Novice: 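Below is a structure I'd like to ask you about.
We use all heavy atoms of the structure for the numbers below, so side chains are in, but hydrogens, waters and symmetry mates are not. Every value quoted in this text rests on a predicted model; they were computed, and no experiment measured them.
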Amino acid sequence: MARTVSEIETIGIVGGGVGGICAAIQAAAAGRAVTLIERAPALGGKMRQIWPEGHAGEGIDGGPTVLTMRWAFDQLFEAAGRSLDDYVELVPLDTLARHAWPDGSQLDLHVDVERSAAAIEAFASAAEAEGYRRFCAHTERIFEVVEEPFLRSARPSMMTVATTKGLRGIFEFASIDWHRSMWRALGSFFGDPRLRQLFARYATYYGSSPFRAPATLNLIAHVERIGVWRVRGGMAKLAQGLTRLAEELGVEVRTGCEVETIEVDVEGGAAGRAAGRARAIVYRDADGQSRRLECAAVIVNAAPQALDTGHLGEHLRGCVGLDPKAPRSLSAVTWSLVARTRGFELAHHNVFFSSDYRREFAALDDAELPDEPTVYVCAQDRDDAGGTTVEGPERLLVLVNAPALGDRPGAFSSAQLDALEARAFALMERCGLVIEREGAPCVRSDPHTFEDLFPATGGGLYGLATHAMMDPFRRPAARTKIPGLYLSGGGAHPGAGVPMVCLSGQLAGRAAVKDLGAGREAVA
């Protein structure tokens, strides 16, 4: 009886973060046999949940907190003949975030442009509201120019972005605002320094400084404005929904397994395979036994630096070709806690701004913890209007930006992190929020924690920093220099963020399937 290619040639995936699961789904939907190997007990990667000691309720999302660009997931589920809504419940947010400053001022941003403009007019002036309308039109135009040739392209270049639409595209290219920094560009829309600071925060979504990132990244504000969803039950439910779909498609998931190396057929000994082709994954299973998985292709859902620096085998060193001097993205210090709050009506998303943004990012650029950090708080039991589903203590993720020095022993001492914690919570109190922390279950994570979880990153959470227009084009594509070895994840194209990582997984899955041939093709 004839066997299908999918029965005799497996695509092996290293790492079960969102990019890895999405790559598995994409390849399995095309008829390929897929085995996914993950060292954690469950899939999800940065989309993880945390249970502080003494907390017996639902876990706290310790990574991403909301979903944008849901079309990226919709197209993945459609490729598998399924609907995203059958696997997770998404709740649209009307209020994007609540913002506060030490001077006592507050401002809510909304999905609806005119509602936000009215709030900005009351907060600042009619001129600032008009500046916001112009900013929305500007960022929408940037997104329209780059969406097809960059976000949806397997290997974009400056030329493809500029010429996809022919002569018209060349003229449109000037409108993506690549030649100035975000901070400088925002000054042409907002005179109020608080508004300039508010919209500059979108650079941190890409792990970068608004004083150095190209103004093209202002498009992130548009991406958020056109749709933000929270996942009912927490973001881990999305990871669980993806895992369920993958298993329904026949993906074999092996958790609790530590990958040691990826074998490369340097002699070209296997029939039909080129010399230097990736051919197997060697790992230790949950019982500590050494195992080997023969593969037709391998997709690595991990930091590209892990390959380039030899973490998965010295023979793979340099196979991605990253610039070793390229700046890392920001890391973070987070507190996942369950506590009572008072004095400030939290929304689902909240940002408490420092009084001197330039000084804050100057410290981060100098690899130092800021004296006064901007603080993000996700109140996970609240909807966007501030309503809560619990009485008493609530689940909170508190986050401040930090340099990615997690691979330098002793870069941050406990005393330094304690002092940062005191400064962060004091800043929130100056803005009106008191978190009653005494006796509250809490877990602190820092760049050292994130380096342990995601090796070779230094704790950088967004791949490499984007501090020049060409930086997004320097992100590695799905294919590496080694045939049969592919990349997915936030360090690969198109970049960091849940939907972007989903797209990277789809690109890697499609590339592997295309290079191997049709998955349902019969062989003797």
Novice: For a 4.5 angstrom cut-off between non-hydrogen side-chain atoms, does Pro41 reach Thr255?
Specialist: no
Novice: Do the side chain of Trp51 and the main chain of Gly57 share a donor and acceptor less than 3.5 angstrom apart?
Specialist: yes
Novice: Is the side chain of Asp308 donor-acceptor paired with the backbone N or O of Gly321 at a distance under 3.5 Å, no angle test?
Specialist: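 Side chain of Asp308 to backbone of Gly321: a pair is present.
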Novice: Is it the case that the side chain of His348 and the backbone of Ala379 share a donor-acceptor pair, with hydrogens and angles ignored and the cut-off at 3.5 Å?
Specialist: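 Answer holds: yes.
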Novice: Does any non-hydrogen side-chain atom of Thr457 lie less than 4.5 Å from one of Glu451?
Specialist: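 They are in contact (side-chain heavy atoms under 4.5 Å apart), so the answer is yes.
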Novice: Evaluate the side-chain contact (heavy atoms from CB on, under 4.5 Å) criterion for residues Val443 and Trp335: first the C-alpha distance (whole Å), next the side-chain angles of each, then the deciding distance (0.1 Å), finally the verdict.
Specialist: CA-CA 6 Å; Val443 170; Trp335 296 267; over 6 Å; no
Novice: May I ask you to decide whether Arg82 forms a salt bridge with Asp74, counting only side-chain N to carboxylate O separations under 4.0 Å?
Specialist: no
Novice: Taking C-beta and beyond as the side chain, do Val223 and Thr139 meet within less than 4.5 Å on heavy atoms?
Specialist: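 They are not in side-chain contact.
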Novice: Can you check side-chain contact (heavy atoms from CB on, under 4.5 Å) on Thr35 and Val251, steps first, answer last?
Specialist: CA-CA 6 Å; Thr35 298; Val251 175; over 6 Å; no
Novice: Between Gln305 (side chain) and Pro455 (backbone), is there a donor-acceptor pair under 3.5 Å?
Specialist: no
Novice: Got a second to check how far Cys295's SG is from Ile37's CD1, nearest 0.5 Å?
Specialist: 6.5 Å
Novice: Tell me, do Met182 and Pro214 make a side-chain contact under 4.5 Å, heavy atoms counted?
Specialist: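 The answer is no; the side chains never approach within 4.5 Å.
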Novice: Just by modelled atom types, is the Tyr206 backbone N or O under 3.5 Å from a matching donor or acceptor in the Ser208 side chain?
Specialist: yes
Novice: Evaluate side-chain contact (heavy atoms from CB on, under 4.5 Å) for Phe77 paired with Leu242, printing each intermediate quantity in order.
Specialist: CA-CA 9 Å; Phe77 277 75; Leu242 290 168; 3.7 Å; yes
Novice: Taking C-beta and beyond as the side chain, do Cys502 and Leu76 meet within less than 4.5 Å on heavy atoms?
Specialist: yes
Novice: Where the side chain of Ser116 meets the backbone of His110, is there a donor-acceptor pair that is under 3.5 Å apart?
Specialist: yes
Novice: With side chains defined as the heavy atoms from C-beta onward, is the minimum distance between Leu93 and Arg230 less than 4.5 Å?
Specialist: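 Yes, their side chains come closer than 4.5 Å.
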Novice: So, Asn401 and Tyr376: side-chain donor and acceptor under 3.5 Å apart, yes or no?
Specialist: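 The criterion, which ignores hydrogens and geometry beyond distance, is not satisfied for Tyr376 and Asn401.
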Novice: About how many Å separate NE2 of His138 and CG of Leu219, when rounded to the nearest 0.5 Å?
Specialist: 9.5 Å
Novice: Quick one: does Ser329's side chain have a donor or acceptor within less than 3.5 Å of a partner on Gly463's backbone?
Specialist: yes
Novice: Just checking Tyr132 against Phe199, ring centres under 6.0 Å apart?
Specialist: yes
Novice: Is there a salt bridge (charged side-chain N to carboxylate O under 4.0 Å, His left out) between Glu294 and Arg279 once you walk through the steps?
Specialist: CA-CA 6 Å; Glu294 181 83 16; Arg279 66 174 182 178; 6.0 Å; no
Novice: Is there a side-chain contact between Met235 and Val498, using heavy atoms and a 4.5 Å cut-off?
Specialist: yes
Novice: Quick check: does any side chain N or O of Ser488 sit under 3.5 Å from a backbone N or O of Ala23, one acting as donor and the other as acceptor?
Specialist: no
Novice: Would you say the side-chain atoms of Gln380 and Glu394 include a donor-acceptor pair closer than 3.5 Å?
Specialist: no
Novice: Within this structure, what is the OG1-CG distance for the pair Thr95 and Leu109, rounded to the nearest 0.5 Å?
Specialist: 9.5 Å
Novice: Say whether, by atom type as modelled, one donor and one acceptor occur between the side chain of Arg98 and the main chain of Leu107 under 3.5 angstrom.
Specialist: no
Novice: Under 3.5 Å, side chain of Asp61 to main-chain N/O of Gly234, donor-acceptor pair present?
Specialist: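 Looks like no, no N/O pair under 3.5 Å.
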Novice: Can you find a pair of side-chain heavy atoms, one from Arg284 and one from Glu260, that are under 4.5 Å apart?
Specialist: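 Yes, their side chains come closer than 4.5 Å.
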Novice: State, without any angle test, whether Arg244 and Tyr87 hold a side-chain donor-acceptor pair at a distance under 3.5 Å.
Specialist: no
Novice: Could you measure the distance from the CG atom of Leu485 to the CG atom of Leu316? Nearest 0.5 Å is fine.
Specialist: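 CG of Leu316 is found 6.5 Å from CG of Leu485.
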Novice: Ile281 and Thr261: side-chain contact (heavy atoms from CB on, under 4.5 Å), yes or no, with the steps?
Specialist: CA-CA 6 Å; Ile281 301 169; Thr261 190; over 6 Å; no
Novice: Is Arg277 positioned over the aromatic face of Tyr486, cation under 6.0 angstrom from the ring centre and no more than 45 degrees off axis?
Specialist: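 Here Arg277 fails the 6.0 Å and 45° test against Tyr486.
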Novice: Over 60° means perpendicular and under 30° means parallel, so tell me whether Phe189 and Phe135 are parallel, tilted or perpendicular.
Specialist: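 The rings of Phe189 and Phe135 stand perpendicular, inter-plane angle above 60°.
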